[in-house]
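Before any comments, here is the structure.
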2 protein chains.
Amino acid sequence: MPAVSRPTSKDVAHEAGVSQSTVSLVLGGKWNGRVSPATVRSVRSAAERLGYRPNQAARNLRLGTTRTVLLMVPTLSAPFFGPVYTGAARVASQHGFGVVVSTWPDDAAGPADGPFAAPQEAIDGILASSMAVEALGEFRGTPAVMLDSGPDGAIPTVDFGVADGMRAIAGHLTGLGHRRIGHVAAGVDQWTFHARAAALAAVVADLPGGVLTRADCAIDVTAAKDAATRLLTAADPPTALVCDDDLIAAGAYKAARALGLDIPSDLSVTGFDDVLLATALEPELTTVRLPAGELGAQGMTALLDLLAGHHPAPRVLPGELVVRGSTTTPRTG
Amino acid sequence: MPAVSRPTSKDVAHEAGVSQSTVSLVLGGKWNGRVSPATVRSVRSAAERLGYRPNQAARNLRLGTTRTVLLMVPTLSAPFFGPVYTGAARVASQHGFGVVVSTWPDDAAGPADGPFAAPQEAIDGILASSMAVEALGEFRGTPAVMLDSGPDGAIPTVDFGVADGMRAIAGHLTGLGHRRIGHVAAGVDQWTFHARAAALAAVVADLPGGVLTRADCAIDVTAAKDAATRLLTAADPPTALVCDDDLIAAGAYKAARALGLDIPSDLSVTGFDDVLLATALEPELTTVRLPAGELGAQGMTALLDLLAGHHPAPRVLPGELVVRGSTTTPRTG
DNA sequence: GTCCGGAAGTGGTACGTATGACCGGTCGGG
DNA sequence: CCCGACCGGTCATACGTACCACTTCCGGAC
């Protein structure tokens, strides 16, 4: 406990020889024509001299608002959500809002392994990843925006156009001549992955001679390697692997190398997200760029709209196909 | 603004037919022998029925403490600091503390590009990365712990043993027979990088025939590729590249590939940190594992100690050399 | 019958801020 | 000469909680 307590507005008032109300007026900027310039100067200099910082707890109590929102994401240890936080925090900061984060504890596999860490602060609103939807019940009544959760009637949403992204991937591969396609899928029960799988399946089903095989795995390099190996060692193996995530693609690379397959001449591989990893791999990964920072920023914008009383329209951020060196025409024969 | 205001302890008191004081007593757990079991049950059920959640702002004001600490790191978009946050948040949560984060805005290159986003909440303490040291002045008087900043007389610190780690790297390479070593250094004016450079230089200086060259770059794959290319295209190029960071090593891989050099047979490469990327590279990267999550956890532990009135001793977390496929004996001749 | 003391709970207040309601003085217009 | 408007501020209160000091009830001891 700090032995020296911080100065209050009353201390500033005493120092400046005015009342506490006047201090609040001046420092709150509400003094248009109510306070003389001389007094304003004197109050400001007194505050400066004492190093006065307003007590946020008292202000929050008085105003009934905290100008703070809660961001709920599964983890910040994985690559994707860091930029989401950054984008959200930037927009929040521009509007004078703070952000507190809540994640699954210990990078657990899911919310069943423990509750989100509850913030000690009161919050005005919630920006929640779809993977946090179960934990939202704790905060019934708090305005919320969901990220990447699919259209929802009750809660405003900001989504990626993952189906379009997956169609672009599939179109790219089939355009190159691939017919036997393997889907290394994230074994996670989330809208975004269901939407990707459905989009891919639809494209392959419409393709004469198209064959789609599938293996599920956790979003983890090692698990992905195993899943990809299963697909590649089956009879009549695919000539291209479509991975639900760049990390999964990294596992597919490992599987291919272990089997002596060259990427892309023996096997085309695609990812999803375009995290830093995608350009560090060799060859660089063909993937769909999901603007994670933009998701956070647009989500925060929607949430602030909601807090301001407007009901924001659902937004969809397009993914962009980024063709790099991991895809080419299949080996003939 | 939500039209329906949350119930207060007064509402609960009315519902249970007791006074607000009693509600506070019961829900605060301070009722040992002061309140009858029947009343306790009735208060608890009333709180449950109304969905009562204590107003944190009021509690913070009354108690003069927020049970919240501020974590200052340069960014959460880069791989390293996510686990730091996770470790810190886990320990904080176990002690009933919350965490708010402050980063450089927009992933700027440094604090000069703008202030850290100030949290809207009052905080009890600060856990700051060394890269945030400049911003610490705003919070003069708040208890703080520095991470990865080197020994400091005034502020408790938690550091990595980066010098030992670098000596392990250097010993590994020289033990393999390398004599001409290139240092792809992070061009960042921080204790941790100075310590790494000094440790490496000392080992090479003690080595008969040892030659150390150096190129600086930002912690960024593209910039690292350029820097590594400069070293590798010089006369009498190094047989091993020591990189200050795994991301820099990824750039070195790209430079080697562009020059037609095989890793490790033509060139050994080492990294630092052991982020996810290290095992996704091919071949997997020899590096020093810095336990980022442990840094956050130990730092938070030290900070909570400090808040409890104990002055924590400086702590040093050892780095561990992880030998993978990117290093071998230099090509003879 | 009086007094004591513990059990069970209540009243009142303070934390620091923001703000609506006041208030004394001056000045110009009617 | 009086009244209202306006300037430049102050007073008092409320936000919701935690906790100290106090009261009331009641069973027993003397």
Side-chain angles (χ1 to χ4, degrees), chain A residues 1-2 4-44 46-47 50-68 96 120-124, chain B residues 1-2 4-44 46-47 50-68 96 120-124:
Chain A
M1 61 191 75
V4 50
S5 58
R6 305 180 65 81
T8 74
S9 59
K10 200 173 296 184
D11 299 328
V12 175
H14 190 253
E15 172 85 8
V18 298
S19 75
Q20 181 268 332
S21 315
T22 306
V23 173
S24 182
L25 241 49
V26 170
L27 269 44
K30 300 290 185 190
W31 54 279
N32 302 54
R34 323 271 311 161
V35 181
S36 74
T39 307
V40 169
R41 273 194 302 275
S42 127
V43 167
R44 289 208 171 127
L50 298 181
Y52 170 70
R53 312 282 298 172
N55 181 316
Q56 293 290 347
R59 154 174 288 185
N60 291 343
L61 174 59
R62 175 66 227 245
L63 296 179
T65 182
T66 57
R67 296 190 81 75
T68 296
Q120 298 300 309
E121 307 296 337
I123 53 170
D124 289 349
Chain B
M1 59 191 78
V4 50
S5 58
R6 304 180 65 80
T8 74
S9 59
K10 201 173 293 185
D11 298 329
V12 175
H14 190 253
E15 173 85 7
V18 298
S19 76
Q20 183 268 331
S21 315
T22 305
V23 173
S24 183
L25 239 50
V26 170
L27 269 42
K30 301 289 185 192
W31 54 279
N32 302 55
R34 325 266 312 159
V35 181
S36 75
T39 306
V40 168
R41 273 195 302 276
S42 128
V43 168
R44 289 208 171 126
L50 297 181
Y52 170 69
R53 314 280 300 171
N55 181 316
Q56 294 291 347
R59 152 174 287 180
N60 291 344
L61 174 60
R62 177 67 230 247
L63 295 179
T65 184
T66 57
R67 296 190 81 74
T68 296
Q120 298 299 310
E121 306 297 336
I123 52 169
D124 289 348

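In what follows, every chain begins at residue 1, and chains take the letters A, B, ... in the order their sequences are listed.
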Rounded to whole Å, how long is the line connecting atom CZ of B:Arg6 with atom P of D:dG16? 12 Å
Nearest-Å distance for atom pair CG/C1', residues B:Leu63 and D:dC19: 10 Å
May I ask you to verify if any side-chain N or O of B:Thr8 is less than 4.0 angstrom from the OP1 or OP2 atom of D:dG16? no
Shortest non-hydrogen contact from A:Gln20 to A:Ala13? N-CB, 3.5 Å
Over how many whole Å does the gap from B:Arg59 atom CZ to C:dA14 atom C1' extend? 17 Å
For residues A:Thr39 and A:Ser42, is any side-chain donor paired with an opposing acceptor at under 3.5 Å? no
Rounded to whole Å, how long is the line connecting atom CG of A:Leu25 with atom C1' of C:dT17? 12 Å
Sorted by position of nearest nucleotide on DNA chain D, 5' first, the leading residue of B:Tyr52 and B:Arg34 is B:Tyr52
To the nearest angstrom, the CG-C1' distance between A:Leu61 and D:dT17 comes to 8 Å
Under 4.0 Å between a side-chain N/O of B:Ser9 and OP1 or OP2 of D:dT17, yes or no? yes
Given atom CZ of A:Arg41 and atom P of D:dG8, what is their separation to the nearest angstrom? 13 Å
Does a donor on one side chain and an acceptor on the other come within less than 3.5 Å for B:Thr66 and B:Asp124? yes
If you look at every strand shown and take non-hydrogen atoms under 4.0 Å, does B:Thr22 touch a base, only sugar-phosphate, or nothing? base
Which sits closer to the 5' end of DNA chain C, B:Gln20 or A:Lys10, going by the nucleotide each is nearest to? B:Gln20
Please confirm whether any donor atom in the side chain of B:Ser21 sits under 3.5 Å from an acceptor in the base of C:dG11, or the reverse. yes
Side chain to side chain donor-acceptor pair (under 3.5 Å) between A:Ser24 and A:Ser21: does it pass, once the steps are laid out? CA-CA 5 Å; A:Ser24 182; A:Ser21 315; over 6 Å; no
Candidate pair B:Asn55 and B:Thr8, rule side chain to side chain contact (heavy atoms under 4.5 Å, CB included), full reasoning: CA-CA 7 Å; B:Asn55 181 316; B:Thr8 74; over 6 Å; no
Distance, rounded to the nearest Å, where B:Leu27 contributes CG and D:dT17 contributes P: 10 Å
OP1, OP2 of C:dT19 versus side-chain N and O of A:Ser24: anything below 4.0 Å? no
Check this one for me: any side-chain N or O of B:Ser19 less than 4.0 Å away from OP1 or OP2 of C:dG11? no
Check the distance between C:dG16's C1' and B:Asn55's CG and give it to me in whole angstrom. 14 Å
